[in-house]
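When a residue number appears, it is its place in the shown sequence, counting from 1.
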Amino acid sequence: MVDVLESHIQVVREMQVVFRKFFASTEARDQENAADLTNSGPN
């Protein structure tokens, strides 16, 4: 039983890493898009 729980904990930790990378990438892209919109100004 302990092995199963440890295995699940490891999976959750690996998922945390993936989601952190995903959200960091998404946030960076959002900031780039906002900067592009600000720089282009109203047409």
Side-chain angles (χ1 to χ4, degrees):
M1 184 70 167
V2 171
D3 291 340
V4 172
L5 289 174
E6 288 177 356
S7 173
H8 280 73
I9 290 168
Q10 183 60 33
V11 169
V12 169
R13 288 182 178 152
E14 291 171 7
M15 289 173 63
Q16 284 178 320
V17 170
V18 170
F19 280 106
R20 283 185 184 130
K21 288 179 182 178
F22 171 76
F23 285 114
S25 174
T26 300
E27 183 178 353
R29 174 59 68 190
D30 285 348
Q31 289 176 359
E32 289 174 12
N33 288 341
D36 288 346
L37 289 171
T38 300
N39 291 335
S40 65
N43 290 331

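- Residue pairs meeting the salt bridge (charged side-chain N to carboxylate O under 4.0 Å, His left out) criterion with at least one partner in residues 21-34, sequence neighbours excluded, are R29-E32.
- Applying the salt bridge (Lys or Arg N to Asp or Glu O under 4.0 Å) rule to E14 yields no partners; only residues at least two apart in sequence or on another chain are considered.
- A chain of hydrophobic side-chain contacts below 4.5 Å, direct or via other Ile, Leu, Val, Met, Phe, Trp or Tyr residues, connects M15 to F22.
- In this structure, the side chain to side chain contact (heavy atoms under 4.5 Å, CB included) partners of F23, at least two apart in sequence or on a different chain, are F19.
- Remark: the backbone N or O of D36 is paired with a side-chain donor or acceptor of S40 at under 3.5 angstrom.
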